[in-house]
Amino acid sequence: MIKKLLVIFLALAITSCKTQKATESKDSSQPNVLVFYVDDLRAELGCYGSETAITPNIDKLASDGVMFNKAYTQQAICAPSRMSTLTGLRPETLGVYSIFTPLRKVHKDVVSMPQLFNENGYKTVSIGKVYHHSSDDKKEWSVYYGKEANTYNDPKNIAIIEQLKKEGKNPKGPAFDSADVSDEAYKDGRAAKYAIETLEKLKDDKFLMFVGLSKPHLPFNAPKKYWDLYDKSKFKIPSRKKPEGVYRLSLTKWGELKGYHGIPKEGDLDDDLTRDLIHGYHASVSYIDAQIGKVMQTLEDLDLRKNTMIVFMSDHGYKIGEYGAWCKHSNMEIDTRVPLIISRETNYKKRKAGKTSDALVENVDIFSTLVDVCDLKFAPVSDGKSLIPVIDNPQQKWDEAAYSVYARGKKIMGVTTTDGNWRYTEWRNSNTHEILGAELYEHKNSLLSYENVSGKGNYKSVEQRMKKLLEIKFPSNGEPFLQNDK
């Protein structure tokens with residue numbers, strides 16, 4: 001670990017000295033990059049076969065690029081997953097597993113994506129929620145529009161919040177809001193506006209732009225017209241059944257949702273409130289889909305699409321009532337699997353469009369991929385690898401497994417792997433790697449699985465194979481997990 005970080009620090013020093021020429025002129029062979037980084041979006045969209053999600057703009061993007069069916073985040077929580085994407089380093093390399101520790105509080109010298117692209121002559125743009133902590137790398141972006149607070153527009157909800165303030169209570173508002181207002185009345189509409197304005201200003205520059213769309217993160221606040229796309233009564237209530245034999249710490253009590261006004265603190269949600277929330281989640285997804293459409297149209301109007309690569313991704317998956325649970329915060333397939341679409345610039349000769357890939361890829365690979373695409377020099381060591389070979393040939397054989405972690409405090413670490421059909425998880429003592437519990441779930445055709453078959457005789461050979469895959473990344477005789485959370 002120390003050696004790896006030393007290499008990274010050296011790479012930064014080399015980059016500072018060597019890239020002066022790269023900043024002096026624009027290399028026309030280097031494409032622009034636009035990343036749509038969405039919060040809490042699970043791999044359930046129209047293009048992914050959803051029977052309910054209305055996402056015409058994302059579907060169009062999928063038809064214009066490569067859609068990955070087996071993409072995974074490195075931890076199903078905002079801050080660590082975003083740090084991993086922006087540094088190319090896994091949470092266990094950074095030693096950060098919670099939302100409470102900013103990257104730069106514990107890693108002053110790790111080379112991030114905006115740093116590297118800046119040093120290679122790119123204008124770097126951060127709009128909305130990119131890092132979880134707005135303070136991280138704020139000065140490294142050429143153009144910066146920070147993460148905004150949530151907006152409520154329904155007068156009833158505004159009154160509730162004001163009353164809570166008067167009573168000295170937690171002023172966190174209701175879990176959803178659906179006023180009849182314009183897109184820009186809520187923050188993702190404003191993020192799209194800033195992105196469009198910035199594209200117009202930078203159309204003659206080489207740029208890396210992240211558009212961080214906060215929805216469908218709670219609260220599910222979106223203009224009424226997106227709620228009106230759906231009939232609430234048509235949403236099915238997911239099974240509240242928990243997997244048989246589930247490890248005691250696999251799922252959470254979804255305190256994130258319970259922090260909002262009007263959500264019961266104990267027990268399951270009733271069917272009516274469940275449908276309201278499912279409705280709000282879908283409305284929020286359609287809302288951000290519309291914002292993506294606006295930005296993509298601007299690229300076309302400015303004739304930028306021919307030299308702009310698009311990445312559409314999410315920081316992690318999400319539960320909307322499945323297993324009787326909500327939000328993320330687990331090693332389950334539904335939380336670790338994410339949507340990922342990559343569409344090369346239209347003047348790229350090997351460009352593939354309308355293709356799908358079952359290759360096992362990870363969000364940590366995005367850093368190396370963009371370095372490769374943009375032909376950046378003296379890039380730091382990464383835990384990921386470039387996806388260009390599989391983007392050029394979506395059916396190419398790729399990795400055997402993808403990996404994620406989830407810490408339960410500082411004493412227990414959940415480590416998990418998937419081969420695309422099976423997910424195997426071990427919950428270990430963070431210091432000794434003693435196995436406290438194990439889970440094996442089949443996911444051949446579903447994000448959900450309702451039986452932990454770990455230890456069952458009929459699945460012995462499968463479990464042995466999956467355990468070997470897990471050992472590759474997380475050896476049972478390995479060092480204690482790095483802990484940098486403050």
Side-chain angles (χ1 to χ4, degrees), residues 42-43 68-77 80-81 84-85 88-94 97 243 245-247 249-251 315-317 328-338 340 357-366 382-385 387 390 397-408 412-430 433-449 451-456 459-482:
R42 63 204 229 158
F68 291 90
N69 290 323
K70 300 290 182 179
Y72 293 91
T73 190
Q74 276 45 78
Q75 188 177 348
I77 187 173
S81 65
S84 182
T85 296
L89 300 173
R90 295 176 181 274
E92 62 271 21
T93 301
L94 295 169
Y97 313 101
V246 65
Y247 178 64
L249 296 178
S250 283
L251 297 168
D315 55 355
H316 42 68
K328 53 272 187 183
H329 311 114
S330 88
N331 273 327
M332 293 295 190
E333 180 81 1
I334 195 169
D335 290 337
T336 55
R337 187 179 161 201
V338 291
L340 176 65
S357 174
D358 289 326
L360 290 166
V361 300
E362 301 174 290
N363 279 1
V364 74
D365 295 327
I366 297 300
S382 171
D383 287 335
K385 67 179 185 180
L387 299 178
V390 76
K397 184 176 175 59
W398 205 241
D399 290 347
E400 287 188 283
Y403 300 89
S404 306
V405 298
Y406 208 97
R408 296 296 187 213
I412 298 176
M413 180 65 72
V415 292
T416 187
T417 186
T418 178
D419 67 353
N421 292 323
W422 292 90
R423 174 164 296 282
Y424 178 66
T425 302
E426 289 181 354
W427 295 91
R428 298 180 181 179
N429 179 299
S430 297
H433 289 271
E434 174 192 358
I435 299 173
L436 308 174
E439 297 172 285
L440 179 64
Y441 299 106
E442 186 173 12
H443 289 286
K444 187 174 182 180
N445 299 309
S446 175
L447 287 168
L448 302 170
S449 183
E451 183 182 9
N452 173 17
V453 296
S454 174
K456 297 191 175 181
Y459 302 95
K460 185 176 181 180
S461 62
V462 174
E463 185 159 11
Q464 287 177 339
R465 178 173 59 80
M466 295 302 297
K467 187 176 179 67
K468 287 180 180 178
L469 287 176
L470 190 71
E471 284 283 323
I472 293 171
K473 185 65 64 180
F474 305 109
S476 53
N477 62 349
E479 295 293 320
F481 283 97
L482 183 65

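Each residue takes its place number in the sequence, starting with 1.
A distance of 4.5 Å separates NE2 in His433 from CZ in Phe481, rounded to the nearest 0.5 Å. The distance from the CG atom of Leu469 to the CZ atom of Arg465 is 6.5 Å, given to the nearest 0.5 Å. Separation of atoms CG (Asp399) and CG (Asp419) is listed at 12.5 Å; rounding is to 0.5 Å. Note that NZ of Lys444 and CG of Asn421 are 6.0 Å apart. Values are rounded to the nearest 0.5 Å. For the atom pair CG of Leu482 and CG of Leu94, the computed distance is 8.5 Å after rounding to the nearest 0.5 Å. Here Thr417 contributes atom OG1 and Leu470 contributes atom CG; the two are 6.0 Å apart, rounded to the nearest 0.5 Å.
When atom types are taken as modelled, the side chain of Ser404 and the backbone of Thr336 share no donor-acceptor pair closer than 3.5 angstrom. A donor-acceptor pair under 3.5 Å links the side-chain atoms of Thr416 to the main chain of Tyr424, judged by distance alone. The main-chain N or O of Val405 is never found under 3.5 Å from a side-chain atom of Glu92 such that the two would form a donor-acceptor pair. Between the side chain of Glu442 and the main chain of Ser449, no donor-acceptor pair closer than 3.5 Å is present. Under a 3.5 Å cut-off, the side chain of Glu471 and the backbone N or O of Ser476 do form a donor-acceptor pair. Put simply, the side chain of Asp365 gets close to the backbone of Lys385: a donor and an acceptor are under 3.5 Å apart. No donor-acceptor pair closer than 3.5 Å links the side chain of Arg337 to the backbone N or O of Ala43.
Considering only heavy atoms from C-beta on, Gln75 stays 4.5 Å or farther from Ser84 through its side chain. Counting heavy atoms from C-beta outward, Asp315 and Thr73 have side chains that stay 4.5 Å or more apart. Asp335 places none of its side-chain heavy atoms less than 4.5 Å from the side chain of His329. Taking the side chain as every heavy atom from C-beta outward, Asn69 and Asp358 approach each other to under 4.5 Å. Using a 4.5 Å heavy-atom threshold, the side chains of Gln74 and Pro80 count as separate.
Heavy-atom contacts from other residues, nucleotides or ligands closer than 6.0 Å to NZ of Lys460 number 12 or fewer.
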Exercise. side-chain contact (heavy atoms from CB on, under 4.5 Å) between His443 and Lys70: does it pass, once the steps are laid out?
Worked result: CA-CA 11 Å; His443 289 286; Lys70 300 290 182 179; 5.8 Å; no
Exercise. Passes side-chain contact (heavy atoms from CB on, under 4.5 Å), Trp422 versus Leu440? Steps please.
Worked result: CA-CA 7 Å; Trp422 292 90; Leu440 179 64; 3.9 Å; yes
Problem set entry | Stepwise salt bridge (charged side-chain N to carboxylate O under 4.0 Å, His left out) check, Arg428 with Glu426 | CA-CA 6 Å; Arg428 298 180 181 179; Glu426 289 181 354; 2.9 Å; yes
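None of Tyr406, Trp427, Tyr441 except one satisfies the ring-ring contact (aromatic ring centres under 6.0 Å, His included) rule with Tyr247; the exception is Trp427.
The two residues Ser454 and Ala438 come nearest to each other via the heavy atoms OG-CB, 3.5 Å. The shortest heavy-atom contact between Asn452 and Gly245 is ND2-O, 2.9 Å. The two residues Ala402 and Leu360 have their closest heavy-atom pair at N-CD1, 4.4 Å. Residue Ser81 comes nearest to His316 through the heavy atom pair OG-CD2, 4.0 Å, listed as atom of the first residue, atom of the second, then distance. Closest approach of Ser330 to Ala76, counting heavy atoms only: O-CB, 3.4 Å. The minimum heavy-atom distance linking Trp398 with Ala359 is given by the pair CB-CB, 3.6 Å.
No side-chain donor-acceptor contact under 3.5 Å links Thr425 and Asn331. Between the side chains of Tyr72 and Glu333, at least one donor N or O sits under 3.5 Å from an acceptor N or O.
The pair Arg90-Glu362 meets the salt-bridge criterion, with a side-chain N (NZ, NE, NH1 or NH2) lying under 4.0 Å from an Asp/Glu carboxylate O.
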